[in-house]
Every structure is written in C-alpha cells, then in structure tokens.
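For the numbers below, each heavy atom of this structure counts, side chains included, while hydrogens, waters and symmetry mates do not.
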Amino acid sequence: MLDNLCGVGAEQVCMHKVPIFSNLSPEEMSQIAEIITDKEYKKGENIYLSGALEERLYVINTGKVKIYKLSETGKEQIIRILYPGDFMGELSLFARSPLDTNAEALEATAVCIIDGDKLNQIIKEVPSIAVKIIEELSKRLQNAEGMIKSLGLQDVEQRVADILLKISAGEDEFTLDISKKDLAAHIGTSQETLSRKLSFFQEKGLIKQVGQRSIIIIDRTALEEMANI
C-alpha cells in the first residue's frame, strides 16, 4: 500500500504540505528536495526514541504519528498527534540535544527526512524558513501550556468534556481519529476511566456513542459547563 506514498516526487509532495516551506521559490524548493530522503513505517513502528541524537527533521507525508513520553513506571503520556504536513524531531536538529520524546506510527505512515546540517545551511540563506519554524514551535508551546493547566486544574470529568468539545470542532457528530486508549493517554487518564466517563455522559443525555469511535453531542451547553468553558 505504501509503495506509491513516497517514491517518485515524494520530496515535492512533502514540501508542498508543510507550512514552513510554503513561501519558497521553485529554486529554493529544489534545494530542499535534494536533501530529502523518504522512509515508510508500519502501524506501531517507532520512528525515533527518546535519547536519540538524530539531527534530522521528519516531515509526515502520509499517515499519522503520536509523540509521547514514558514515565519511570512505563505510563504513557501523549504530547500531540501529528498529521500529513506536520514535522517533528526539531529539538535534536536545532538545539543539538537528544530527543526527549518518542514517535510512533499510528497507522501505515510515510515520512520524509531532511538532513539537519544541510537544512541549517539553507536556513541561513532563506531565513523565512526559520521564522515559520518558530511560529509552529510557539503554537506547540501554547498547546503544551494548555495541557499542563488542564492536568493540574481539571479533574478527569472536566478533561473528558473539554477534549470532546475540542475534537468536535463545533460539529455535533464526529469520529475519533485515534483509539480510546491513545485518547486516554493524551488527557492523562486510563482507558477504563475514559470509557466510564463516556458512558456516564451518555447516561446523563449529554452525548451518544455510536460504535467504537463515533460520538454525537446532544447537550453541548452542559458539556461546556462541565468543562468550565
């Protein structure tokens, strides 16, 4: 299935998907394309592990990746979910520090890999790339601060209500694009607790669960009040 995902022209496909390269000229695009290689990962396969000094920028061409940390007891905390066009590995690339997170493919995924030293040389010639990267990292920092606030100030019930509202993006019917196990890890609880809270919300008439991943919001106002929005 993945044979046609990267292959010929994958470098150009990757670049056009990534906002940090959106303002490049055709000549600059060609420069970046020359330093890109591609690799495919199966569902559940690690792309990199915490502690590695990769000095590469990874760009998702197709598929989905979770970025997560493990506690000393092995408990998983998902930091973010990345989609086509998103990038990862920037800490090792720009700070010259070991990676402090793990990256795992949530489904069959094709990744384009950009050599760090060569990219840094190009960034010196095209500073707009660095500006775009800083903008994206600022968004990630803002999201991380929001997550820390949520874990510290909200109880599990509030966090479940909050994440449902965020995932719904204003729609009353939506489908979870990650498993309940990963969703639970993302909000700092167990899959069993998440399932109990979703069942409780359904019993209260706030939502309706359809199958394993589809959810219908019945009372958005009540969810917002529960999440303290």
Report task. Could you tell me which non-hydrogen atom of G63 sits nearest to which non-hydrogen atom of P84, and how far apart they are? Result -> O-CD, 3.2 Å
Report task. For the residue pair D38 and N61, establish whether any side-chain heavy-atom pair is separated by less than 4.5 Å. Result -> no
Report task. State plainly whether the residues R220 and D172 are in salt-bridge range, i.e. N to O under 4.0 Å. Result -> yes
Query raised in the report: How about D86 and I81: do any of their side-chain heavy atoms sit closer than 4.5 Å?
Result: no
**Report entry** 4.5 Å side-chain heavy-atom contact, I163 and H186
**Finding:** yes
Requested in this report: Can you measure from CD1 (I217) to CG (L165) and round to the nearest 0.5 angstrom?
Outcome: 5.5 Å
Query raised in the report: Is the side chain of S195 donor-acceptor paired with the backbone N or O of Q191 at a distance under 3.5 Å, no angle test?
Result: yes
Requested in this report: Report yes or no: do S50 and T101 form a side-chain donor-acceptor pair below 3.5 Å?
Outcome: no
Query raised in the report: Is it true that a side-chain atom of E173 and a backbone atom of I215 form a donor plus acceptor pair closer than 3.5 Å?
Result: no
Report task. Report whether L198 and V210 are members of the same hydrophobic cluster (ILVMFWY, side-chain heavy atoms less than 4.5 Å apart, transitive linking). Result -> no
Report task. Group every Ile, Leu, Val, Met, Phe, Trp and Tyr by side-chain heavy-atom contacts under 4.5 Å, then state whether I114 and V131 land in the same group. Result -> no
Query - Under 3.5 Å: donor-acceptor pair, side chain of S214, backbone of G211 - result: no
Query raised in the report: Counting N and O atoms only, with roles assigned by atom type, does the side chain of E203 sit under 3.5 Å from a partner on the main chain of F200, one being a donor and the other an acceptor?
Result: no
Query raised in the report: Does the side chain of P127 reach to within under 4.5 Å of the side chain of I123, using non-hydrogen atoms?
Result: no
Report summary line: Nearest heavy-atom contact between I36 and C112 is CG2-CB, 3.7 Å
Requested in this report: Say whether L176 and L206 are linked into one hydrophobic cluster, either directly or through other cluster members, by side-chain heavy-atom distances under 4.5 angstrom.
Outcome: yes
**Report entry** Y83-D177 side chain donor-acceptor pair, cut-off 3.5 Å
**Finding:** yes
Query - Heavy-atom side-chain contact between D117 and L119 under 4.5 Å - result: no
Report task. Give a yes or no on whether the backbone of A185 and the side-chain of Q77 come within a donor-acceptor separation of less than 3.5 Å. Result -> yes
Query - All side-chain hydrogen bond (donor to acceptor under 3.5 Å, both in side chains) counterparts of K180, not counting sequence neighbours - result: Q209
Requested in this report: Search all heavy atoms of R159 against all heavy atoms of G188 and return the closest pair with its distance.
Outcome: NH2-O, 3.2 Å
Query - Minimum side-chain heavy-atom gap I60-M88 below 4.5 Å - result: yes
Requested in this report: Kindly write out the residues that satisfy side-chain hydrogen bond (donor to acceptor under 3.5 Å, both in side chains) with S71, not counting sequence neighbours, or none if the list is empty.
Outcome: T73
Report summary line: On a heavy-atom basis, the closest approach of A105 and Y41 is CB-CB, 4.1 Å
Report task. Consider only side-chain N and O atoms of R196 and S199, and report whether a donor and an acceptor are under 3.5 Å apart. Result -> no
Query - Separation between CD1 of I218 and CZ of F201, rounded to the nearest 0.5 Å - result: 13.0 Å
Query raised in the report: For the hydrophobic clusters of this structure (ILVMFWY residues joined by side-chain heavy atoms under 4.5 Å, transitively), does one cluster hold both L70 and I178?
Result: yes
Query raised in the report: Would you say the side chain of L106 lies within less than 4.5 Å of the side chain of D182, judging by non-hydrogen atoms?
Result: yes
Requested in this report: Please determine if D162 and K166 form a salt bridge, counting it only when a charged side-chain N lies under 4.0 Å from a carboxylate O.
Outcome: yes
Query raised in the report: Is N46 reaching over with its side chain to a backbone N or O of Y48, donor-acceptor style, under 3.5 angstrom?
Result: no
Query - Distance-minimising heavy-atom pair for P98 and G51 - result: CB-O, 3.5 Å
Query - Straight-line distance of E40 CD to T109 OG1, nearest 0.5 Å - result: 10.0 Å
Query raised in the report: Closest approach of N102 and K69, non-hydrogen atoms and distance?
Result: ND2-CA, 4.1 Å
Query raised in the report: Are K39 and T37 close enough, and set up right, to give a side chain to side chain contact (heavy atoms under 4.5 Å, CB included), and what steps lead you there?
Result: CA-CA 7 Å; K39 189 171 181 179; T37 58; over 6 Å; no
Report task. May I ask you to check if K66 and Y68 form a cation-pi contact, with NZ or CZ under 6.0 angstrom from the six-membered ring centre and within 45° of the axis? Result -> yes
**Report entry** Whether E171 side chain and S168 backbone form a donor-acceptor pair below 3.5 Å
**Finding:** no
Query raised in the report: Are K64 and E107 ion-paired here, with the side-chain N under 4.0 Å from a carboxylate O?
Result: yes
Query raised in the report: Hey, mind stepping through Y58 and V65 against side chain to side chain contact (heavy atoms under 4.5 Å, CB included) and telling me if it holds?
Result: CA-CA 11 Å; Y58 295 84; V65 174; over 6 Å; no
Query - Between CZ on residue F87 and CG on residue L82, distance to nearest 0.5 Å - result: 9.0 Å
Query raised in the report: When rounded to the nearest 0.5 angstrom, what is the spacing between CD1 in I78 and CD1 in I67?
Result: 10.0 Å
Report task. Start with the C-alpha gap between K124 and Q121, add the side-chain angles, then the distance that decides, and say whether side chain to side chain contact (heavy atoms under 4.5 Å, CB included) holds. Result -> CA-CA 5 Å; K124 292 176 182 178; Q121 292 174 12; 5.6 Å; no
Report summary line: d(E54 CD, L49 CG) to nearest 0.5 Å is 8.5 Å
Query raised in the report: Side-chain contact, heavy-atom cut-off 4.5 Å: E157 with M226?
Result: yes
**Report entry** Stepwise side chain to side chain contact (heavy atoms under 4.5 Å, CB included) test for I207 and I216
**Finding:** CA-CA 5 Å; I207 67 170; I216 299 172; over 6 Å; no
